[in-house]
Structures are given as C-alpha cells and as structure tokens.
Amino acid sequence: MPRFYPHPIIAREGWPFISAGLVLSIIVTACAGWWSLPFWLFTAFALQFFRDPSRPIPQDADAVLCPADGRIVVVEKVLDPYRNVEALKISVFMNVFNVHSQRAPVDGTITGVEYNKGKFVNAALDKASTENERNAVLATTRSGREITFVQVAGLVARRILCYIGEGEKVVRGERYGFIRFGSRVDVYLPTDARAEVAIGDKVSASSTILARLPLSAPAAEPEPQTVATPDAAATAAAAAALTPIERAGENGADAAETKTVAAAQAGVLDDEQQIVENIAEEVRTAAEQAVKQDK
C-alpha cells in the first residue's frame with residue numbers, strides 16, 4: 001500500500017474491518033433484530049480506532065515531532081540497542097482509543113530498518129521495548145544527526161505495518177506506518193537533545209514537539225595538556241645538578257654499584273688523610289732538628 005495519500009478521516013488499513021462489520025451488522029439486524037447490537041458495537045469501535053485525522057506540522061528546524069498519539073511513559077537516558085550508543089529515550093504508549101498511524105518525526109534519510117520478532121506483553125511496561133515484536137527505523141536528519149524510532153507491538157496488537165525502506169527520504173509528519181490494536185513507539189535521540197515533554201503528558205502525532213535536537217553535534221572537548229610550572233622547571237634543574245651518586249640514589253640505582261662508587265670515594269679520602277699526616281710528621285721532625293742545632 002502506498003504510504004502517500006491524502007489523509008482520509010478513516011485510515012485505509014481499517015476499511016476491510018469496517019466494511020465487514022457494517023455488512024454483518026446489517027445482515028444480523030435484518031435477521032435477528034437487537035441481537036445485532038454486538039456487531040454494531042464492533043463497527044463503531046473500528047471506526048474510532050482507524051480514524052486518521054490530518055494534523056498541523058511544526059517546521060522548527062531543531063524540532064523532533066512526536067511520531068504517534070498517546071501518553072508519555074518514559075523520558076530517560078539509556079543505551080540505544082540499535083546503534084549501541086548512549087541516547088535520550090522517549091516512549092509513547094498508545095491505548096486502543098488513540099490514533100494508531102505513525103508519522104516521521106524529522107526530515108531525513110532512512111539508513112536502516114530492523115524487524116525483530118518477540119512477545120506481546122503490555123506495551124506500557126519498560127520490558128516491552130526489548131521483549132515485544134518491534135520494528136526499528138534508523139534515520140539521519142538533513143543536518144547529519146542520527147535518531148532511531150521503533151514501533152513496538154502491544155498486548156492486543158498483532159500486526160506492525162511499515163511502509164518505508166533503507167535509502168528512502170522522509171519528511172516530518174509523513175505517514176510511515178501503522179500498528180493495529182494497542183502499542184508503543186520508542187524514540188532514541190542523541191544525548192544533547194532536550195526533551196519538551198514529561199512522563200504522563202498526552203501527545204499528538206506530528207503536532208506535538210517531542211524534543212529539541214541541535215542541528216550539529218557538540219564539539220569534542222580537547223584533551224588537557226600538561227604545562228610545566230616554574231616549580232616543576234626548578235625541580236628538573238635541581239635534578240640535573242645532582243652528582244652521580246645522588247642521582248643513583250634518587251632513581252633507585254643498583255645498590256651494589258652505589259656502594260662501589262662510595263667505597264672508591266672513601267679510598268680517596270683515606271689517601272688524602274695519609275698525605276696530610278706524612279707532611280705533619282716531616283714538619284715536626286724538621287722542627288726538632290732545628291731546636292737541637294740551636295742548643
């Protein structure tokens with residue numbers, strides 16, 4: 001089914017159900033009168049479930065639009081399981097009385113579509129994002145930012161419909177999918193996005209701004225560089241002026257080598273002391289001889 005068509009009051013996905021309910025209701029009414037009431041109730045339910053009204057579409061360049069009608073159940077930073085990066089996650093839960101068509105939240109290009117089979121637990125629960133049947137659409141905005149939006153089946157929903165594929169371009173507010181009978185949509189945004197909704201808020205597809213996403217990613221912080229301070233320079237100069245023995249001690253040089261050098265210096269000192277003693281002895285002998293000659 002083409003995804004482009006003027007938004008009718010009733011989504012085309014519901015026409016078979018409504019037609020069947022209406023025909024059965026008329027037949028049973030003609031045959032059994034008031035016993036046809038359940039059939040009329042089903043037809044009325046199908047009419048309201050498959051309604052698909054047009055909506056105003058904000059054109060703010062940094063706006064990420066809500067992809068579905070419903071209620072916000074999650075606003076938190078988590079790991080995007082499809083890109084394996086940290087992301088801001090915003091989840092919209094749709095009950096059976098909400099409009100169930102999904103619309104593109106941004107202008108951009110589809111870079112991938114991943115379908116995963118799964119369970120059908122209550123879509124309002126957090127585990128539905130990872131356990132239920134789901135269809136993830138990975139997109140890159142016109143400014144180069146990467147986002148992910150995921151259709152998640154619910155307790156009653158048994159059919160996810162997606163009309164876009166890898167390489168296609170989408171415009172914000174464009175109808176791209178439908179989930180039948182209760183479901184959820186998860187949106188994963190870069191962490192610098194700012195949420196414009198809170199848990200419990202009621203939202204509408206296309207017309208509600210879900211978050212603000214800067215057109216460009218924040219610049220990476222430069223790595224800190226170590227700058228030598230005057231004290232550090234003085235310390236380096238003092239280290240350079242150390243004698244070999246002192247430097248060996250500072251750097252934890254081999255103890256045996258240090259002892260050898262120290263012993264050598266001790267030997268030099270002993271020799272100098274012996275020379276001094278010899279000179280003193282000669283002076284004393286000369287003095288004694290001089291005294292004897294005077295006598």
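We're numbering straight along the sequence, starting at 1. Since we're looking at a predicted model, the values are computed, not measured.
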>> What verdict does the side chain to side chain contact (heavy atoms under 4.5 Å, CB included) test give for Asn116 and Glu133, after you've listed the backbone C-alpha separation in whole Å, the side-chain angles of each residue and the deciding distance to 0.1 Å?
In response: CA-CA 6 Å; Asn116 295 275; Glu133 178 185 6; over 6 Å; no
>> Is there a side chain to side chain contact (heavy atoms under 4.5 Å, CB included) between Ile57 and Leu65? Walk through the geometry before answering.
In response: CA-CA 8 Å; Ile57 302 173; Leu65 307 185; 3.6 Å; yes
> Taking it one step at a time, do Arg71 and Val203 satisfy side chain to side chain contact (heavy atoms under 4.5 Å, CB included)?
Replying inline: CA-CA 6 Å; Arg71 176 172 55 87; Val203 293; over 6 Å; no
>> Using salt bridge (Lys or Arg N to Asp or Glu O under 4.0 Å), reason through Asp52 and Arg175 one step at a time and then give a plain yes or no.
In response: CA-CA 10 Å; Asp52 193 13; Arg175 192 177 188 278; 2.6 Å; yes
>> Determine whether Glu196 and Leu210 satisfy the following criterion, side chain to side chain contact (heavy atoms under 4.5 Å, CB included), listing intermediate values before the conclusion.
In response: CA-CA 5 Å; Glu196 295 289 313; Leu210 203 65; over 6 Å; no
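Nearest heavy-atom pair, Val92 versus Gly70, reported as atom, atom and distance to 0.1 Å: CG1-CA, 3.9 Å. Annotation for Val75 and Ala195: closest pair CG1-CB, 3.9 Å, computed over non-hydrogen atoms. A pairwise comparison of heavy atoms in Val106 and Ala63 identifies CG1-O, 4.4 Å as the closest pair. In terms of heavy atoms, Gln102 sits closest to Ala68 at CG-CB, 4.5 Å. Heavy-atom minimum distance, Ile72 versus Ala198: CB-O, 3.4 Å. Residues Leu138 and Tyr82 come closest through the heavy atom pair CD2-O, 4.2 Å.
In this structure, the separation between CD on Glu168 and OG1 on Thr111 is 12.5 Å, given to the nearest 0.5 Å. The CZ atom of Arg145 sits 4.0 Å away from atom CG of Asp192, with the distance rounded to the nearest 0.5 Å. To the nearest 0.5 Å, atom OG of residue Ser183 and atom NE2 of residue His100 are 4.0 Å apart. The CE atom of Met94 sits 4.5 Å away from the CD1 atom of Ile179 when rounded to the nearest 0.5 Å. One distance of note links CD1 of Ile90 with OH of Tyr188; it measures 11.5 Å at 0.5 Å rounding. From Phe149, atom CZ reaches atom CG of Asn135 across 10.0 Å, with rounding to the nearest 0.5 Å.
Of the residues listed (Arg55, Arg103, Arg184), the one engaging Asp69 in a salt bridge (Lys or Arg N to Asp or Glu O under 4.0 Å) is Arg55, and it is the only one. Evaluated for a side-chain contact (heavy atoms from CB on, under 4.5 Å) with Pro190, the options Ile147, Leu88, Val85, Asp80 yield exactly one hit, Ile147.
With respect to the salt-bridge test (charged N to carboxylate O, under 4.0 angstrom), the residues Glu86 and Lys77 do not qualify.
When the side chains of ILVMFWY residues are joined at heavy-atom separations under 4.5 Å, either directly or via intervening members, Ile110 and Leu213 end up in a single hydrophobic cluster. Both Val187 and Ile164 are assigned to one and the same hydrophobic cluster, defined by single-linkage of ILVMFWY side chains at heavy-atom distances under 4.5 Å. Linking ILVMFWY side-chain heavy atoms closer than 4.5 Å, directly or via other members, places Ile209 and Val197 in two distinct hydrophobic clusters. In this structure, Ile26 is not a member of the same hydrophobic cluster as Leu37, with clusters built from ILVMFWY side-chain heavy atoms closer than 4.5 Å. Taken together through direct or relayed side-chain contacts under 4.5 Å among Ile, Leu, Val, Met, Phe, Trp and Tyr, Ile10 and Leu41 form parts of separate hydrophobic clusters.
Distance alone, capped at 3.5 Å, places no donor-acceptor pair between the Arg194 side chain and the Ala211 backbone. Between the side chain of Thr140 and the backbone N or O of Gly144 there is no donor-acceptor pair closer than 3.5 Å. With Ser19 contributing its side chain and Pro16 its backbone, the two residues share no donor-acceptor pair below 3.5 Å. Ser25 places a side-chain N or O within 3.5 Å of a backbone atom of Trp40 that can act as its donor or acceptor partner. Side chain of Thr43 to backbone of Ile18: no donor-acceptor contact under 3.5 angstrom is found.
In this structure the side chain of Leu189 reaches within 4.5 angstrom of the side chain of Val64, judged on heavy atoms. Side-chain atoms of Ile199 and Val74, non-hydrogen and from C-beta on, never get closer than 4.5 Å to each other. Val170 places none of its side-chain heavy atoms less than 4.5 Å from the side chain of Asp107.
Through side-chain heavy atoms spaced under 4.5 Å, either directly or across other Ile, Leu, Val, Met, Phe, Trp or Tyr residues, Leu24 is tied to Val28, Phe39. The hydrophobic side chain of Tyr115 is isolated, with no ILVMFWY side chain under 4.5 Å apart from it.
Applying the side-chain hydrogen bond (donor to acceptor under 3.5 Å, both in side chains) definition to pairs two or more places apart or across chains, those involving residues 198-215 are Asp60-Arg212, Asp62-Arg212.
By the 30° and 60° cut-offs, the orientation of the rings of Phe178 relative to Phe50 is parallel.
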